[in-house]
Novice: 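One structure follows; several queries about it will come next.
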Protein chains: 2
Amino acid sequence: MSLETTIPERTDHQFLSTIPGVRRFETYPLDNFHADMMETTHAVYPHNDVYGQYCTVEEYIDCPPEVVFEYMKETISLEEWTFSVRDFKPCHLPEVHEGVDKVGSGHTKIYCKTISNKDAMTVDYHCAWDQGEDLWMIYLNRIIPAELVLKKPGSVVLWTNCRHPYYLNNPYPEKAPANRLWVGDLWDWFYAGHAAEMQNLKAILEFRYKNKLPMGPNILGVRQ
Amino acid sequence: MSLETTIPERTDHQFLSTIPGVRRFETYPLDNFHADMMETTHAVYPHNDVYGQYCTVEEYIDCPPEVVFEYMKETISLEEWTFSVRDFKPCHLPEVHEGVDKVGSGHTKIYCKTISNKDAMTVDYHCAWDQGEDLWMIYLNRIIPAELVLKKPGSVVLWTNCRHPYYLNNPYPEKAPANRLWVGDLWDWFYAGHAAEMQNLKAILEFRYKNKLPMGPNILGVRQ
C-alpha cells in the first residue's frame, strides 16, 4: 500500500454532483445537457432577458489596441464620443472630473473618475449625476487585441454596465435640479444609447487612424 | 490679441460632425437621436444579432471577488465548472496545460494557457482543440466587485468569446480525430453552454463559500 492511494482525486465528481444546479459530464447525461441547450437557445430573446440586469455592447474597431486604450483612458475623450457628456474640468474631489450631461435638462452635473489598467487594457468610468462623492454608475470597458480573438489587426472593445440599485431610486434627490428626469429611467435605452456611442467611438478612432490624424483631444501631444 | 485666441477648442464639434456615422448632441438633433434609440430598441432580438459575433454572459456570484479570481486563475478549476473539460496535465509547451474535452467524441485534446491579471481581475483562457501551438479560442473573463456595481457583497463575472474565423473552418484538420465534429459547429450553442457553465461556476463557488469549505481543487492549499 502506497501513500498515493490516500490522496483523493483532485476533482471530486461525486461531491460536485451533490451541489444543486451543477451539471457535469460525469453525473449529468449528455442527452439531458443537449436538451437543456435547446431549451435555453431561442430564435429571439426578450429585451429584458438580454439587457435587463447587465448591458454589454461589443464592437470591432480598426485601430491598434494601444491607441484605443490611450484614447479611452483620458476622461476628456468622453466629450468626443459620447452623445452628450461635455465640459469636463477638475473639481474639489481628487482625480474626479466634473462635467455636464446635456441630456439631463442641460444643467445636470456629471462626475467621472477614470480608472485604467494598461496591462489588462481595462478602462472604467466611475460616474454619477449630481454629486461626485459616491460614484456608482460604472462603465466597464476592456480593449482586446483583435489579432488574438478575430485574427485581424485592430481592437475589440467590450463595454458593460450593471444595473446598480440606484438606477431604480435616486439616492440623492435633493441634489438634482427640479423636474429633472432620473438617469435610471433611461436604463431601458442603455443598449440603444451605448450601441450608438460605441459607433461614435469606432467612427472617430477609425477615421483618425485611417487618415493619420492626431488621435484625440488629449493624446499623442497634439490637439485638434 | 492674446495667445489664447489661437488655441482651438479642445473638442472640435465641427470636425467631429464631418466623420460619417458620428451622432453628437451639438450637431445631431436630440429628436433624431431619440428616434434612433426607438429604432434600435426592440421587444425581442434574434439570436444571431445578440450572440452571432460575440457571446457574452454576465452573472452575479455571492463569493468575494478575490476568491473568485484565485479560483478562476487556476486552469485546473476548469475541470470542476466546465461541463466536459477534464484531465489537465503539463505538456511540451511552456505554461500550457493539455487536457481532454469529453464532448469531442471522448478523445479530443484541448490545450489551455491561462493569463490573468490580479489588479484588473481578468482571467483569460487561451485554448485550442487538437494542438497547443496556436491558441485561438479565447475565453475572456473579468471579475468585478459587486459592491461597486450592484451595491452588495460578492462578484460579478463577465465572460465573452469572440467568433474567431477558425470557428468557421478548422485550421488544422489533419490533427483532428476522424469523424470528429468541429468546435466551431457548436458556436450557435455557445450562449446556452456558457450560461450553463456559468451556473456551475456560481453554484460551486457559492456552495463552498456559504458552507466554509475549501474553495477549490487547487487553491487555499487544501484539496477536496
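FYI, side chains are in, hydrogens and waters are out, and symmetry mates aren't considered; it's all heavy atoms of this structure. Labels below follow one simple rule: chain letters A, B, ... track the order of the sequence lines, proteins then strands, and each chain is numbered from 1.
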Novice: Select one option (side chain, backbone, both, neither) describing which atoms of Ile115(A) are under 4.5 Å from chain B's heavy atoms.
Specialist: neither
Novice: Evaluate the criterion side-chain contact (heavy atoms from CB on, under 4.5 Å) for residue pair Asn200(B) and Tyr28(A); output intermediate values, then yes/no.
Specialist: CA-CA 12 Å; Asn200(B) 282 355; Tyr28(A) 193 80; over 6 Å; no
Novice: For the residue pair Glu58(A) and Thr56(B), confirm or rule out a side-chain donor-acceptor distance under 3.5 Å.
Specialist: yes
Novice: In Å, rounded to the nearest 0.5 Å, how long is the span from CD1 of Ile204(A) to CZ of Phe15(B)?
Specialist: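 So the gap between those two atoms works out to 8.0 Å.
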Novice: Do the side-chain N and O atoms of Glu79(A) and Thr11(B) include a donor-acceptor pair separated by under 3.5 angstrom?
Specialist: yes
Novice: Please find the pair of heavy atoms, one from Thr40(B) and one from Ala192(A), that lie closest to each other, and give the distance.
Specialist: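 Nearest heavy atoms, Thr40(B) then Ala192(A): CB-CB, 3.7 Å.
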Novice: Do you know which of Trp136(B), Tyr166(B), Tyr167(B) has the most heavy-atom pairs with chain A at a distance under 4.5 angstrom?
Specialist: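 The answer is Tyr166(B).
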Novice: If I measure from the heavy atoms of chain B, does Ser116(A) come under 4.5 Å with its side chain, its backbone, both, or neither?
Specialist: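 No part of Ser116(A) comes within 4.5 Å of chain B.
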Novice: Select one option (side chain, backbone, both, neither) describing which atoms of Tyr60(A) are under 4.5 Å from chain B's heavy atoms.
Specialist: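 Both parts, backbone and side chain.
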Novice: Between Glu206(B), Gln53(B), Lys152(B), Met38(B), which has the largest tally of heavy atom pairs under 4.5 Å with chain A?
Specialist: Met38(B)
Novice: Mind running side-chain contact (heavy atoms from CB on, under 4.5 Å) on His47(B) and Thr41(A) for me, showing each step along the way?
Specialist: CA-CA 8 Å; His47(B) 180 93; Thr41(A) 305; 3.9 Å; yes
Novice: Counting only heavy atoms not in Glu133(B), do more than 12 fall under 6.0 Å of its CD?
Specialist: yes
Novice: Looking only at heavy atoms and a cut-off of under 4.5 Å, which of Arg142(B), His126(B), Met137(B), Gln199(B) has the most pairs with chain A?
Specialist: Arg142(B)
Novice: For the residue pair Tyr45(A) and Tyr191(B), does the interplanar ring angle fall in the parallel (under 30°), tilted (30 to 60°) or perpendicular (over 60°) class?
Specialist: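 Plane angle over 60°, so perpendicular.
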Novice: Heavy-atom cut-off 4.5 Å, strictly under: side chain, backbone, both or neither for Arg163(A) against chain B?
Specialist: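 Only the backbone of Arg163(A) comes within 4.5 Å of chain B.
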Novice: Identify the two heavy atoms, one from Ala120(A) and one from Thr122(B), that lie closest to each other, and give their separation to 0.1 Å.
Specialist: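 Smallest heavy-atom distance, with atoms named: CB-OG1, 3.9 Å.
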Novice: If you measure from CD on Glu197(A) to CZ on Phe33(B), what distance do you get to the nearest 0.5 Å?
Specialist: 5.5 Å
Novice: Nearest 0.5 Å, what's the CZ-NZ distance between Phe25(B) and Lys102(A)?
Specialist: 6.5 Å
Novice: Quick check for you: among Ala195(B), Gly193(B), Ala203(B), Ala196(B), which has the greatest number of heavy-atom pairs under 4.5 Å with chain A?
Specialist: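 It is Ala196(B).
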Novice: So for Asn211(A), is it side chain, backbone, both, or neither that comes closer than 4.5 Å to the heavy atoms of chain B?
Specialist: neither
Novice: When only pairs under 4.5 Å are counted, which of Asp119(B), Leu140(B), Thr160(B), Val50(B) shares the most heavy-atom pairs with chain A?
Specialist: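 Greatest number of close heavy-atom pairs with chain A: Leu140(B).
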Novice: Go through Asn48(A), Ile138(A), Asp49(A), Leu135(A) and name the one with the most non-hydrogen pairs under 4.5 angstrom from chain B.
Specialist: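 Counting heavy-atom pairs under 4.5 Å, the top option is Ile138(A).
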Novice: Under 4.5 Å heavy-atom distance to chain A, tell me which part of Asp36(B) shows up: side chain, backbone, both or neither.
Specialist: neither
Novice: Using non-hydrogen atoms and a 4.5 Å limit, figure out which bit of Phe88(A) sits close to chain B: side chain, backbone, both or neither.
Specialist: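 For Phe88(A), backbone and side chain are both near chain B.
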Novice: If I compare all heavy atoms of Val103(B) with all of Leu30(A), which pair ends up nearest, and what's the gap?
Specialist: CG1-CD1, 4.4 Å
Novice: Please state whether the side chain, the backbone, both or neither of Leu158(A) comes within less than 4.5 Å of a heavy atom of chain B.
Specialist: side chain
Novice: Under 4.5 Å from any heavy atom of chain B, what part of Leu16(A) do you find: side chain, backbone, both or neither?
Specialist: side chain
Novice: Given the rule in the salt bridge (Lys or Arg N to Asp or Glu O under 4.0 Å) test, do Lys151(B) and Asp134(A) qualify, once you have shown the distances and angles that lead to the verdict?
Specialist: CA-CA 11 Å; Lys151(B) 202 175 169 65; Asp134(A) 185 2; 5.3 Å; no
Novice: List the steps, then state whether salt bridge (Lys or Arg N to Asp or Glu O under 4.0 Å) holds for Arg86(A) with Glu26(B).
Specialist: CA-CA 10 Å; Arg86(A) 302 291 183 268; Glu26(B) 292 79 3; 2.7 Å; yes
Novice: Any side-chain heavy-atom pair from Val156(A) and Tyr54(B) closer than 4.5 angstrom?
Specialist: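 Side-chain contact under 4.5 Å: yes.
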Novice: What part of Asp124(A) gets closer than 4.5 Å to chain B, counting heavy atoms only: side chain, backbone, both or neither?
Specialist: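 For Asp124(A), the side chain is the part near chain B, not the backbone.
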Novice: Quick check on Glu39(A): does its CD atom have over 12 non-hydrogen neighbours (other residues, nucleotides or ligands) under 6.0 Å away?
Specialist: no
Novice: Is there a donor-acceptor pair under 3.5 Å between the side chain of Arg24(B) and the backbone N or O of Glu80(A)?
Specialist: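 Looks like yes, one N/O pair under 3.5 Å.
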Novice: Taking atom OH of Tyr209(A) as the centre, does the number of heavy atoms from other residues, nucleotides or ligands within less than 6.0 Å exceed 12?
Specialist: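 No.
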Novice: Which bit of Val149(A) is near chain B, if near means a heavy-atom gap under 4.5 Å: side chain, backbone, both or neither?
Specialist: both
